[in-house]
2 protein chains.
Amino acid sequence: MSVELDRFKQVLKNNGHFVTKPRLRLFGHLQNHKVVTVSQLISLLSHHDQATVYRNIKIFEGLGIISRLQLGWHSKLELSDTFQHHHHHMTCLKCGKVTVLNEDPAIEKQIEHMSARSNFKPIHHQLEIRGLCHICKKT
Amino acid sequence: MSVELDRFKQVLKNNGHFVTKPRLRLFGHLQNHKVVTVSQLISLLSHHDQATVYRNIKIFEGLGIISRLQLGWHSKLELSDTFQHHHHHMTCLKCGKVTVLNEDPAIEKQIEHMSARSNFKPIHHQLEIRGLCHICKKT
DNA sequence: ATACTTGCAAATACTTTGCACTCCG
DNA sequence: CGGAGTGCAAAGTATTTGCAAGTAT
């Protein structure tokens with residue numbers, strides 16, 4: 001059993017939530033898909049009710065298990081930094097593909113600086129770069 | 001008449017759109033409010049039909065006049081970099097306030113680097129830092 | 001046992017569409 | 001004038017809620 005799965009169950013329990021089948025499946029799909037829309041999740045979990053999916057998404061957001069991003073035109077969900085390595089995104093404006101960028105220590109440091117300068121305590125952050133991917137930029 | 005307003009009208013005309021009252025008002029509210037939700041715009045423009053507001057938001061997004069951000073829990077709209085100085089955002093997780101960060105040349109440079117490294121042509125980007133604002137971090 | 005969850009159905013809220021009329025250029 | 005835009009009403013989607021039955025601890 002993966003470390004993340006254990007941690008996931010722990011977070012639920014520690015906050016008075018039960019570990020249930022729909023929640024385990026939801027978590028599993030989030031692990032597989034990197035970024036997903038709500039409606040993708042609803043169809044992936046089609047043998048459960050959509051109300052259940054919505055309710056659990058909300059709980060997961062509240063517990064900081066997932067974060068909601070605006071990538072391209074739609075809002076999407078992904079596991080938060082606690083459950084996968086911190087990273088940023090690039091969205092191609094032509095083909096719509098979302099690419100994951102590996103962490104860049106220099107940027108992370110800059111973000112710390114900026115926050116400190118504004119007297120703000122940063123907890124997490126997200127960066128999206130929109131542009132043309134290596135394929136689309138050629139055409 | 002502001003430079004931005006002129007440019008706004010120009011963008012509409014150049015793309016075969018008319019300059020109409022609802023569009024001017026919409027643009028005006030965007031200038032006043034920095035970031036707004038769709039429903040705020042609908043109530044600000046309540047003497048126009050909401051269908052009109054939605055249609056124009058869509059057109060503005062298509063023309064790159066506004067961008068849609070995920071700040072905190074809801075998606076919000078703001079004028080794009082063409083119509084106001086480029087900047088980033090900090091959202092306070094406690095009080096929900098959104099603060100605008102002034103541009104930081106070092107970060108902008110880093111973003112260029114990151115994109116180049118991934119063979120990606122960056123067009124624009126957005127960064128949101130979530131944490132505690134200078135007031136909430138004290139309590 | 002009991003408090004939390006689910007599934008279902010109904011209610012809300014949000015967004016899009018069709019069409020006749022109006023307005024911008 | 002002619003095409004683009006608006007308002008209105010209705011249709012679609014998306015999301016939330018109430019409640020009885022089911023399930024995790």
Side-chain angles (χ1 to χ4, degrees), chain A residues 1 5-30 35-77, chain B residues 1 5-30 35-77:
Chain A
M1 183 185 297
L5 185 53
D6 268 342
R7 200 178 312 144
F8 166 67
K9 293 180 179 174
Q10 215 46 56
V11 172
L12 285 178
K13 286 177 185 163
N14 292 163
N15 289 281
H17 293 288
F18 291 170
V19 175
T20 65
K21 224 166 258 164
R23 289 177 184 160
L24 288 169
R25 296 226 176 93
L26 178 50
F27 186 74
H29 287 305
L30 287 160
V35 284
V36 256
T37 61
V38 173
S39 58
Q40 281 178 300
L41 285 174
I42 288 173
S43 53
L44 285 167
L45 292 163
S46 55
H47 39 314
H48 293 288
D49 193 83
Q50 59 189 79
T52 301
V53 180
Y54 280 111
R55 281 189 280 233
N56 286 326
I57 286 174
K58 210 176 221 178
I59 289 172
F60 285 18
E61 280 189 275
L63 296 177
I65 294 169
I66 57 181
S67 23
R68 193 178 284 260
L69 314 167
Q70 186 75 33
L71 295 177
W73 297 71
H74 288 292
S75 107
K76 301 200 175 68
L77 303 169
Chain B
M1 183 187 298
L5 185 54
D6 268 344
R7 199 178 313 144
F8 167 66
K9 293 179 178 175
Q10 216 45 56
V11 172
L12 286 178
K13 286 178 185 162
N14 293 163
N15 290 280
H17 293 289
F18 291 166
V19 175
T20 65
K21 222 165 263 165
R23 287 176 188 163
L24 288 169
R25 296 227 175 93
L26 179 50
F27 186 73
H29 287 304
L30 288 161
V35 285
V36 258
T37 61
V38 173
S39 58
Q40 281 179 300
L41 286 174
I42 289 174
S43 52
L44 286 166
L45 293 163
S46 56
H47 38 314
H48 293 288
D49 193 83
Q50 59 189 80
T52 302
V53 180
Y54 280 112
R55 281 188 281 234
N56 286 325
I57 287 174
K58 210 176 218 179
I59 289 172
F60 285 17
E61 279 190 274
L63 296 176
I65 294 170
I66 57 182
S67 20
R68 193 178 285 260
L69 314 167
Q70 186 76 33
L71 294 178
W73 296 70
H74 289 291
S75 106
K76 303 201 173 67
L77 304 169

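Residue numbering restarts at 1 for every chain, and letters A, B, ... go by the order of the sequence lines. Quick caveat, the model's predicted, so the values are computed rather than measured.
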The nucleotide from D:dT6, D:dT15, D:dT16 with an atom nearest the side chain of B:T52 is D:dT6
From the set D:dT6, C:dT6, D:dA9, return the single nucleotide nearest to any side-chain atom of A:N56. C:dT6
For the backbone of B:G64 and the side chain of B:E61, can you confirm whether one donor and one acceptor N or O come within less than 3.5 Å of each other? no
Applying a 4.0 Å non-hydrogen cut-off, can you work out what A:K13 is touching in the nucleic acid: base, sugar-phosphate, or nothing? sugar-phosphate
Can you measure A:D49 atom CG to C:dG7 atom C1' for me and round it to whole angstrom units? 5 Å
For A:R68 and D:dT15, give me the distance from atom CZ to atom C1', rounded to whole Å. 10 Å
Taking for each residue the nucleotide of DNA chain D bearing the nearest heavy atom, is the 5' side occupied by B:H47 or by B:G16? B:G16
Residue closer to the 5' end of DNA chain C, A:H17 versus B:V38 (nearest nucleotide): A:H17
Is there a side-chain polar atom (N or O) of A:Y54 under 4.0 Å from OP1 or OP2 of D:dT16? no
Expressed in angstrom and rounded to an integer, what is the separation of B:L24 atom CG from C:dC23 atom P? 15 Å
Rounded to whole Å, the NZ-C1' distance (B:K58 to D:dA4) equals 17 Å
Picking from C:dG18, C:dT15, C:dG7, the nucleotide nearest the side-chain atoms of B:R55 would be C:dG18
Quick check: on DNA chain D, is the nucleotide nearest B:T20 upstream (toward 5') of the one nearest A:V19, or the reverse? Name the residue that is more 5'. B:T20
If only atom types and distance count, is the side chain of B:D49 paired as donor or acceptor with the main-chain N or O of B:A51 below 3.5 Å? yes
Quickly work out the A:Q10 CD to D:dT25 P distance and round it to whole Å. 11 Å
Is the ring pair B:F60/B:F8 parallel, tilted or perpendicular, if the boundaries are 30 and 60 degrees? perpendicular
Within the distance-only criterion (no hydrogens, no angle test), does the side chain of A:K76 pair as donor or acceptor with the backbone N or O of A:L71 below 3.5 angstrom? yes
In whole angstroms, how far is the P atom of D:dT23 from the CZ atom of A:F18? 13 Å
Main-chain N/O of B:S75 paired to B:R68 side chain as donor or acceptor, under 3.5 Å: no
What integer distance in Å separates A:H48:NE2 from D:dG22:C1'? 14 Å
Let me know the distance between CG of A:L63 and P of C:dT5, rounded to the nearest Å. 10 Å
Which part of the nucleic acid, if any, lies within contact of A:R23, taking any heavy atom under 4.0 Å across all strands shown: a base, the sugar-phosphate backbone alone, or nothing? sugar-phosphate
